[in-house]
Participant: 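The structure's right below; bear with me while I get my questions together.
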Amino acid sequence: MADRYEPHAIEKKWQARWEADRIFDASDDDPRPQWYELAMFPYPSGDLHTGHWYHYSGADTHARYMRMKGYNVMFPMGFDAFGLPAENAAIKAGVDPAGWTATNIDNFRRQFKMMGSSFDWSREVITSDPDYYRWTQWWFLQLFHRGLAYRAEAAANWCPGCQTVLANEQVVNGRCERSDDIVERRFLTQWFFKITDYADELLRFDGIEWPERIQTMQTNWIGRSEGAILHFPVDVPRVEERLSVFTTRPDTVYGATFMVLAPEHPLVDRITTAGQRAVVEAYIQATSRETDVERLSTEREKTGVSTGANAINPFTGGPIPIWIADYVLGTYGTGAIMAVPAHDQRDFEFAQKFGLPIVPVFSSDEANVTRPLERAVPHGGRMINSGPFDGTPEAEAIPKVVTHAEAGGFGERTVNYRLRDWLISRQRYWGAPIPVVHCERHGIVPVPEDSLPVLLPENPHFEPSGQSPLTQIDEWVNVPCPVDGGPARRETDTMDTFMCSSWYQMRYVDPHNPERPFSRELAKKWLPVDQYTGGADHAVMHLLYTRFFWKAARDMNIVEGDEPMLRLFNQGTLLGPDGQKMSKSRGNVVAPDDQVEKHGADAFRCQLMFVGPWDQGGPYNPTGMAGIERWLRRIWSVATEPVEVWDGVPAAATRDLRRATHKAIRAVTEDIEQFSFNTMISRLMELSTAMQKARDAGPVEPRAWDESLEALLLMTAPLAPHVSEELWERLGKPYSVHLQAWPRFDPELASDDEVELVVQVNGKVRDRIRLPAGASEEDVQAAVMALPRVAEQVDGKQPRRVIYVPDRLVNIVL
RNA sequence: GCCGGAGUGGCGGAAUGGCAGACGCGACGGUCUCAAAAACCGUUGAGCUCACGCUCGUGUGGGUUCGACUCCCACCUUCGGCACCA
């Protein structure tokens with residue numbers, strides 16, 4: 001009976017049994033309350049790495065816990081299978097992206113099973129399957145029909161050597177990672193989604209429990225700012241349109257001593273004077289290689305050139321020189337600013353460098369006006385140098401100035417967002433084709449819904465042709481126009497893979513529906529997601545996109561409620577044993593397959609959960625594995641080794657065992673509810689040690705022992721599913737441990753009769769005293785004052801104050 | 001650079017504003033053994049003290065409080081994100 005714990009034999013056995021019995025499949029007809037537990041699905045790159053295990057071990061543990069709490073749990077898994085790595089493999093190794101992806105998925109599935117995960121595989125979705133991307137295309141059409149999709153020019157990284165568009169990831173120090181060519185910025189007409197239509201709503205997080213930090217990051221990412229657009233006429237012949245700038249400080253308009261356009265601003269070409277053309281073009285060329293991060297850095301010296309043209313300040317009629325500079329971004333606001341060097345530090349530095357005038361228009365100190373400023377003064381004082389507005393206090397300045405501009409027709413108040421519309425076009429093969437056709441007679445024609453999916457052609461070629469791979473497949477590109485059957489061409493861009501992952505949680509509820517992305521009934525039953533887990537690295541993009549999709553779906557009347565995921569928990573990043581990010585080049589990668597072979601899946605899962613707080617991540621600690629294995633063997637020992645039982649055990653000993661059990665249940669339950677897996681394991685270690693000590697100290701009361709053992713195995717089950725199942729069976733309990741009810745604690749049994757109070761004098765611990773729990777303040781004070789150490793410290797003085805924290809501490813302030 | 005986290009023994013970490021260091025690793029000492037492994041027991045923040053004990057100690061500097069790892073301000077270090085990696 002008491003044989004050794006051999007993880008490999010039992011793990012294989014139980015994985016096969018669970019799969020055969022399909023005990024983790026969620027039924028749509030189960031009458032129990034449902035719980036939708038969702039873990040962000042992976043991109044199937046070569047191997048399921050330790051970072052994946054870190055995430056899915058925690059998610060799996062929580063899903064198993066919710067099952068034991070009595071919920072009908074849906075815990076699906078799938079694959080975010082379109083994307084760049086498959087295409088890179090195709091280009092580098094000549095393999096087919098579809099085949100490469102399928103092989104990886106097979107490997108992922110094998111590894112998921114090896115870790116003892118409790119996913120419902122009957123609901124699997126693979127985003128690169130036509131059955132799935134057909135509906136991704138359907139989403140595109142819905143957003144298009146609702147006016148949420150539009151085309152506009154947008155910059156892309158262009159490698160002149162490879163003749164292709166590069167992802168930011170493929171650009172290293174301004175050069176192509178493959179060919180080392182200098183990467184250029186090239187403008188292409190691309191598709192956008194109007195996520196900014198939902199910006200204000202996305203700023204609200206009502207009714208959802210998301211980490212504060214994620215809400216803050218999303219709020220800052222959306223970056224709402226109130227201000228005004230001001231329109232400046234341009235003093236250039238044949239340029240009729242005005243130069244519009246967004247500013248949060250329209251009240252400083254009299255201090256605008258120059259204008260700055262982003263180098264890529266559309267007006268630059270037309271306003272540049274003949275004399276400045278050469279330097280302007282050179283500057284545009286030079287800045288076209290910079291990233292936004294470089295451009296926004298406040299550390300670098302400001303650069304820029306004059307266009308030679310002037311704008312007219314509509315408030316004064318005076319001329320203002322127009323410059324271009326890289327610190328103004330084409331993608332924020334209108335891509336142009338009025339520069340007020342006296343009150344904006346960036347403008348100040350620029351003005352100093354290029355000798356442009358600095359005119360203060362606010363001051364609280366008359367003397368300030370004559371002295372040259374040493375830096376920009378962002379706030380304070382009354383308006384000066386501002387014609388009719390002089391003397392206006394800062395608090396009233398903006399409304400007054402904007403009202404004037406609105407009356408004069410050269411400005412209006414507005415709200416600007418840092419958030420940009422979502423660029424979804426990718427000039428790539430391995431993605432879902434955008435379902436539109438370009439027709440000379442009918443323009444942009446959406447593919448009719450009943451013609452979906454627009455299938456990806458097989459056998460793509462990846463020669464450097466200057467166009468996306470799909471463009472080169474004539475028989476695919478040339479199609480009849482859906483309107484009249486005349487000649488037309490398919491859109492050859494594919495969709496950003498974030499589109500696939502923006503709605504996958506909806507497909508899981510009805511994954512095989514051939515008629516619709518999902519049925520209304522099943523959506524109503526399962527959605528929204530109750531608990532979502534995934535990396536904090538997705539804080540802004542994926543988590544914002546999926547909220548946008550959901551809100552659009554709500555407006556389409558296909559889902560109910562305002563938010564897609566009610567609760568979110570972000571696990572941290574698991575680092576290598578050296579505290580560095582795991583990477584092959586650093587040689588600090590911990591391979592899950594090796595760990596499972598050495599220690600078993602249960603031990604590896606537990607070790608990952610034990611290394612630290614799940615939301616913080618941190619270094620993987622391989623030496624700690626010994627402690628986890630010791631603990632699992634200890635559980636094995638208390639469950640399998642003979643125990644001497646006796647009905648006549650002294651009540652106090654039985655009471656101690658039961659107290660340990662019920663305290664553990666209380667603490668473990670609190671911990672798992674909060675994803676505090678590391679402390680949960682600590683508590684279980686304490687319980688197993690307490691049981692071992694009780695057993696070794698003499699006979700145990702049989703019912704109390706059985707209660708402890710049951711609780712220990714039930715609470716270990718979500719963490720170490722195989723060994724707990726094995727021991728549960730050996731105890732003769734009904735299959736499966738994972739389908740049992742989570743243990744409950746009795747507050748009475750978990751409570752202490754006696755507590756140890758800390759006794760402080762002036763905030764310093766001077767003694768401790770054991771007293772009955774819940775003692776009255778008078779009794780406690782009397783007992784404390786009688787302590788010799790306290791008497792010595794108090795020394796006959798009258799305490800100024802006595803602070804009493806029940807059952808914890810007494811502090812005597814002298 | 002901007003936004004968001006984190007910093008506690010030799011190591012991973014624990015701690016509703018209330019005993020800093022739970023739990024685990026490692027180390028040291030011991031039991032068992034011919035021996036080893038396994039298992040079990042004990043010690044383990046620093047300094048001072050024969051000792052009862054005392055002092056110091058949670059990245060740095062300041063503040064609030066009877067009391068601060070915890071709250072506030074500034075700084076340093078480090079990790080994640082920055083829109084075509086997913």
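Order of the sequence lines fixes the chain letters, A, B, ..., with proteins taken first and strands second; residue numbering starts at 1 for each chain.
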Participant: Any ion pair linking E686(A) and K663(A) (charged N to carboxylate O, less than 4.0 Å)?
Facilitator: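 No salt bridge links K663(A) with E686(A).
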Participant: Using Watson-Crick or G-U wobble geometry with both distances under 3.5 Å, which nucleotide pairs with G21(B)?
Facilitator: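 With both distances under 3.5 Å required, G21(B) matches none.
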Participant: Mind checking the CD1-CZ spacing from I195(A) to F548(A)? Nearest 0.5 Å is all I need.
Facilitator: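 Those atoms lie 5.5 Å apart.
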Participant: Between A14(B) and G47(B), how many Å separate the two P atoms, rounded to a whole number?
Facilitator: 26 Å
Participant: Need the glycosidic conformation of G9(B): syn if within 90° of 0, anti if not. Which one?
Facilitator: syn
Participant: Say you pick atom C1' in G13(B) and the same atom in G24(B); how far apart are they, in whole Å?
Facilitator: 8 Å
Participant: How far apart are the C-alpha atoms of F498(A) and W422(A), what are their side-chain angles, what is the distance that settles it, and do they pass the ring-ring contact (aromatic ring centres under 6.0 Å, His included) test?
Facilitator: CA-CA 10 Å; F498(A) 274 124; W422(A) 177 8; 7.2 Å; no
Participant: Would you tabulate the nitrogen or oxygen pairs shorter than 3.5 Å linking the protein to nucleotides 8-18 of chain B?
Facilitator:
unit_1 : atom_1 : unit_2  : atom_2 : d
G12(B) : O2'    : V611(A) : O      : 2.3
G13(B) : O5'    : V611(A) : O      : 3.4
G13(B) : O3'    : N678(A) : ND2    : 3.3
A14(B) : OP1    : N678(A) : ND2    : 3.0
G18(B) : N2     : Q760(A) : OE1    : 3.3
G18(B) : N2     : N811(A) : ND2    : 3.2

Participant: Give me the distance, rounded to whole Å, that separates G4(B) from G12(B) when you measure between the P atoms they each carry.
Facilitator: 27 Å
Participant: In whole angstroms, how far is the C1' atom of C79(B) from the CG atom of N588(A)?
Facilitator: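 About 14 Å, once rounded to whole Å.
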Participant: Roughly how far apart, to the nearest Å, are G17(B) and U65(B) at atom C1'?
Facilitator: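 Looking at atom C1' only, G17(B) and U65(B) are 9 Å apart.
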Participant: Report all interatomic pairs (protein N or O, nucleotide N or O of nucleotides 84-86 of chain B) with separations under 3.5 Å.
Facilitator:
unit_1 : atom_1 : unit_2  : atom_2 : d
C84(B) : OP2    : R426(A) : NH2    : 3.1
C84(B) : O4'    : R426(A) : NE     : 3.2
C84(B) : O4'    : R426(A) : NH2    : 3.4
C84(B) : O3'    : N168(A) : N      : 3.2
C84(B) : O2'    : N168(A) : N      : 2.5
C84(B) : O2'    : N168(A) : OD1    : 3.1
C84(B) : O2     : R428(A) : NH1    : 3.3
C84(B) : O2     : R428(A) : NH2    : 2.5
C84(B) : N4     : Q190(A) : OE1    : 3.0
C84(B) : N4     : Q427(A) : OE1    : 2.8
C85(B) : OP2    : N168(A) : N      : 3.4
C85(B) : OP2    : E169(A) : N      : 2.7
C85(B) : O4'    : E169(A) : OE1    : 3.2
C85(B) : O4'    : E169(A) : OE2    : 3.3
A86(B) : OP1    : L84(A)  : N      : 3.2
A86(B) : O5'    : T497(A) : OG1    : 3.4
A86(B) : O3'    : D80(A)  : OD2    : 2.2

Participant: Calculate the interatomic distance between R633(A) atom CZ and A37(B) atom P; express it in whole Å.
Facilitator: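 From R633(A) CZ to A37(B) P: 14 Å.
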Participant: Using the C1' atom in both, what is the distance from U70(B) to C19(B), to the nearest Å?
Facilitator: 15 Å
Participant: Without decimals, in angstroms, what is the distance between R695(A) CZ and A39(B) P?
Facilitator: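 In whole Å, A39(B) P and R695(A) CZ are 13 Å from each other.
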Participant: Between A83(B) and U78(B), how far apart are the P atoms? Round to whole Å, please.
Facilitator: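 Per the computed distance, 22 Å lies between those P atoms.
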Participant: Can you check whether K581(A) has a side-chain N or O nearer than 4.0 Å to OP1 or OP2 of G80(B)?
Facilitator: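 Yes.
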Participant: Rounded to the nearest 0.5 Å, what's the gap from CZ on R428(A) to CG on L84(A)? Could you check?
Facilitator: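 Answer rounded to 0.5 Å: 5.0 Å.
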Participant: Would you verify whether the NZ or CZ of R605(A) falls within 45 degrees of the ring axis of W53(A) while also being under 6.0 Å from that six-membered ring's centre?
Facilitator: no
Participant: In Watson-Crick or G-U wobble terms, both distances under 3.5 Å, what is the partner of C82(B)?
Facilitator: G1(B)
Participant: In the strands shown, is C54(B) matched to any nucleotide by a Watson-Crick or G-U wobble pair with both distances under 3.5 Å, and which?
Facilitator: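 Matched C54(B) with G47(B) under the 3.5 Å cut-off.
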Participant: Return the pairing partner of C69(B) with a 3.5 Å limit on both distances, Watson-Crick or G-U wobble; otherwise return none.
Facilitator: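 Looking at the geometry, C69(B) pairs with no nucleotide.
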Participant: Distance check needed: C79(B) C1' versus Y54(A) OH, whole Å only.
Facilitator: 13 Å
Participant: I need the CG-C1' distance between D696(A) and C40(B), as an integer number of Å.
Facilitator: 8 Å
Participant: Counting just side-chain N and O atoms, does R418(A) come under 4.0 Å of either OP1 or OP2 of C3(B)?
Facilitator: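 It does not, given that no N or O in the side chain of R418(A) lies less than 4.0 Å from OP1 or OP2 of C3(B).
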Participant: After noting the C-alpha distance and the side-chain angles of Y429(A) and L470(A), does the key distance pass the side-chain contact (heavy atoms from CB on, under 4.5 Å) rule?
Facilitator: CA-CA 6 Å; Y429(A) 167 75; L470(A) 289 176; 3.8 Å; yes
Participant: Say you draw a straight line from CD1 of I424(A) to CE of M499(A); how long is it, rounded to the nearest 0.5 Å?
Facilitator: 5.0 Å
Participant: Considering only atom P, compute the distance from C23(B) to G57(B) and round it to an integer number of Å.
Facilitator: 25 Å
Participant: D421(A) and K194(A): salt bridge (Lys or Arg N to Asp or Glu O under 4.0 Å), yes or no, with the steps?
Facilitator: CA-CA 5 Å; D421(A) 276 338; K194(A) 281 191 198 168; over 6 Å; no
Participant: To the nearest angstrom, how far is R789(A) atom CZ from G53(B) atom C1'?
Facilitator: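 Answer to the nearest Å: 8 Å.
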Participant: Give none if G9(B) has no partner; otherwise give the nucleotide forming a Watson-Crick or G-U wobble pair with it, both distances under 3.5 Å.
Facilitator: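 Looking at the geometry, G9(B) pairs with no nucleotide.
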Participant: Which of these nucleotides, G80(B), C3(B), C19(B), is closest to any side-chain atom of E756(A)?
Facilitator: C19(B)
Participant: Can you find a pair of side-chain heavy atoms, one from P433(A) and one from Y133(A), that are under 4.5 Å apart?
Facilitator: yes
Participant: I need the CD1-C1' distance between I222(A) and A83(B), as an integer number of Å.
Facilitator: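 Value for this atom pair: 13 Å.
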Participant: So, OP1 or OP2 of C25(B): does either fall under 4.0 Å of a side-chain N or O from R630(A)?
Facilitator: yes
Participant: OP1 or OP2 of C54(B) sitting under 4.0 Å from any side-chain N/O of K764(A)?
Facilitator: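 So the side-chain polar atoms of K764(A) never come under 4.0 Å of the phosphate oxygens OP1 or OP2 of C54(B).
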Participant: How long is the gap from OG1 on T127(A) to CE on M495(A), to the nearest 0.5 Å?
Facilitator: 11.0 Å
Participant: Please test E629(A) against Q607(A) for side-chain hydrogen bond (donor to acceptor under 3.5 Å, both in side chains), starting from the C-alpha separation and ending with a verdict.
Facilitator: CA-CA 9 Å; E629(A) 292 189 287; Q607(A) 174 58 10; over 6 Å; no
Participant: Using purine N1 to pyrimidine N3 plus N6-O4 or O6-N4 for Watson-Crick, or N1-O2 and O6-N3 for G-U wobble, each under 3.5 Å, what pairs with U64(B)?
Facilitator: none
Participant: When you compare A46(B) with G9(B), how far apart are their C1' atoms, in angstrom units rounded to a whole number?
Facilitator: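 Pairwise C1' distance, A46(B) against G9(B), rounds to 9 Å.
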Participant: Which base, if any, makes a Watson-Crick or G-U wobble pair with G29(B), both distances under 3.5 Å?
Facilitator: C41(B)
Participant: Any idea which of G24(B), C19(B), G26(B) is nearest the A626(A) side chain?
Facilitator: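 Among G24(B), C19(B), G26(B), the one nearest the side chain of A626(A) is G26(B).
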Participant: How many whole angstroms separate atom CG of L329(A) from atom C1' of G1(B)?
Facilitator: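 Going from CG in L329(A) over to C1' in G1(B) covers 12 Å.
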Participant: Under 3.5 Å, side-chain donor or acceptor atoms of residues 803-814 of chain A against the rest of the protein: list the pairs with distances, not counting sequence neighbours.
Facilitator:
unit_1  : atom_1 : unit_2  : atom_2 : d
Y804(A) : OH     : A775(A) : O      : 3.1
D807(A) : OD1    : G774(A) : N      : 2.9
D807(A) : OD2    : G774(A) : N      : 3.4
N811(A) : OD1    : G763(A) : N      : 3.0

Participant: Would you say R4(A) places a side-chain N or O within less than 4.0 Å of OP1 or OP2 belonging to A39(B)?
Facilitator: no
